[in-house]
Amino acid sequence: MQTPIPQLTRDSTINLVLDTLAKKKQALVFVNSKRSAEKQAEDLSKKTKLESHELKVLAEQLQSVLDKPTHQCERLALCVKQGVAFHHAGLASKQKEIIEEQFRKGTIKVICCTPTLAYGLDLPAFRSIIRDVKRYGHRGMDFIPVLDYLQMAGRAGRPKFDAWGEAILLADTEPEADDLLERYIQGEPEEIFSKLAVEPVLRTYILSLIAARFVRTRSEIMEFFGRTFWAHQFEDVDKLAAIIDKMLRLLQEWEFVQKAEGEFAPASEVSDPPYRATFLGQRVAELYLDPLTAHQLRKAMTRGAEEKVTGIFPWLHILSRTLEMRPLSGVRQKEYELVSQKLALAESTLLEREPSSFDPEYDSYLEAVKLAMILEEWCEERDEEFILETYNIRPGELRTKLSRLDWLLYACHELAHILQFNDLLKEIRKARIRAKYGVKEELLSLIRLEGIGRMRARILWRNSIKDLGDVKNVEQKRLADLLGAKLASSLKKQVGEDVQGDGKLDQYALPAEKAGKNNE
DNA sequence: GGACGGTGAAACTTCAGGTTGCCTC
DNA sequence: GAAGTTTCACCGTCC
């Protein structure tokens, strides 16, 4: 390094950032956990002395993106007032958006982040400071791959503004510095391995290839995969064939794929009969659902219909058990009691039996109970702060899970339709709306109105306006007192038109206008 | 003497990320 | 495995 960095504090990350600011430049600081990102941002914000009116306004904007700010929002606002932000998957997406935009504009000078910002996002800075090179993995702390380092280092230097950029790796000691130099700067990036070999991916691909009639026979399937990067790496053709055969067997067993045999198959194809997707398999492929998930859901629905399961929790649990919901957040020590209690209470209604506590699956089963609890809390109108405090699930993480839940519920609905579980259809639709808006069942009617979310629906309900009829009958002035004149007039218009239409609304249809309403 | 507050060592807890599907009368 | 947080013992100060 040409000029030494002034050692203004004992924290070398802070020193580097302060030096960057003195140069009128921006910095990204990469750390290995969400908690660290927040802490580092907070420590930095105490030193930057950047407060301005612009930042104050920005901080207020960031703090109020949710119905009710969580302490995460407040913490972010405090940092941003000093020109520093933290950025990780736990932020509300609106907050991430604003931070990225304001960093590009130069209002925010420093972002402390987890590797989120290294991938996909085009957010360069003069300095890319890589504080942590170790990350928690399967075997405790491990060095991050060279590829990850390169991604982070690659954020340094803004092509339009800077002639160069600086990527800085932090080491505490000389030997460590030597090690990092060798490992990352002189080191070769890891080889890239095909992800196709992962069973869920393979299952999904084979089914969609057959459903799209891109391939028909086993030999065509083999030929297709033989040309992939995966096969190129795999080399062992026999083993490859064995894996594909196993997948084909499963897809048949689950009735997503059929072998055309006997009279349907031309003589030439007797030894290599064509496969075709069943109607069900076709739909599973269209939904991009992992066939295993579709199979799990089918089993669960069969059971749910037989046992006349009621309530939303068993469904939330079975959906939390799918691969699509992974990774699950672990059950923390202090949550263990709470989750176990819930499991004991709900066990008899759950659609998948509790494994023995010695079973390796037990942990993930319990984690699914935890996720189902969180989703249920949301559907019971608990706010983000409660969920963050109780389960350590941040708003951004909650949103991700909710959006997957919505997709899975939709998929469930489609499967139930095809498999003629007609009694379930209405329940699934209700669950989908409840999850989407985070409301109890009693608000389903009000939530349909444009301009009405969970907060306003609850206000109406508390004031004895409990369904569309009530909205129609109540005086407009009263509505205006509760929700403002503009919305009151809109509501009156909505119920007026609707009620005139056919006299009764389909209570569980999703209002089209509200589809894009959530401020994600 | 006791309440309070500051300090630091020890014990304890937790740990990155994200794409698919519908639909707008 | 290590950072960050919580707990707790210890000590000094003030009333």
Rounded to the nearest Å, what distance is computed from the [atom1] atom of residue [X] to the [atom2] atom of nucleotide [N]?
| X | N | atom1 | atom2 | value |
| --- | --- | --- | --- | --- |
| A/R135 | C/dG4 | CZ | P | 16 Å |
| A/E324 | B/dT19 | CD | P | 15 Å |
| A/E42 | C/dA3 | CD | C1' | 14 Å |
| A/R432 | B/dG21 | CZ | P | 13 Å |
| A/K334 | B/dT13 | NZ | C1' | 9 Å |
| A/E337 | B/dT13 | CD | P | 14 Å |

Please pick, from [options], the nucleotide with the shortest atom-to-atom distance to any side-chain atom of [X].
| X | options | result |
| --- | --- | --- |
| A/L287 | C/dA3, B/dG21, B/dG18 | B/dG21 |
| A/R35 | B/dC22, B/dT13, B/dG17 | B/dT13 |
| A/Q333 | B/dT13, B/dG18, B/dA16 | B/dT13 |
| A/R131 | C/dG4, B/dG18, B/dC22 | C/dG4 |

Base-pairing mate for B/dA16 - Watson-Crick or G-U, with both contacts under 3.5 Å: none

Presence of donor-acceptor pair under 3.5 Å, side chain of A/D142 and base of C/dG1: no

Side-chain donor-acceptor pair present, A/R321, A/S364, cut-off under 3.5 Å: yes

Lys/Arg-Asp/Glu bridge criterion (N-O < 4.0 Å) met for A/K430, A/E427: yes

Working for side-chain hydrogen bond (donor to acceptor under 3.5 Å, both in side chains), residues A/E97 and A/S93: CA-CA 6 Å; A/E97 219 173 87; A/S93 53; 5.6 Å; no

Full working for salt bridge (Lys or Arg N to Asp or Glu O under 4.0 Å) between A/R283 and A/E286: CA-CA 5 Å; A/R283 195 73 188 106; A/E286 282 167 8; 2.8 Å; yes

Touch class at under 4.0 angstrom, heavy-atom based, for A/R326 against every strand present: base

Sugar-phosphate only, base, or nothing, as touched by A/N392 at under 4.0 Å among non-hydrogen atoms: sugar-phosphate

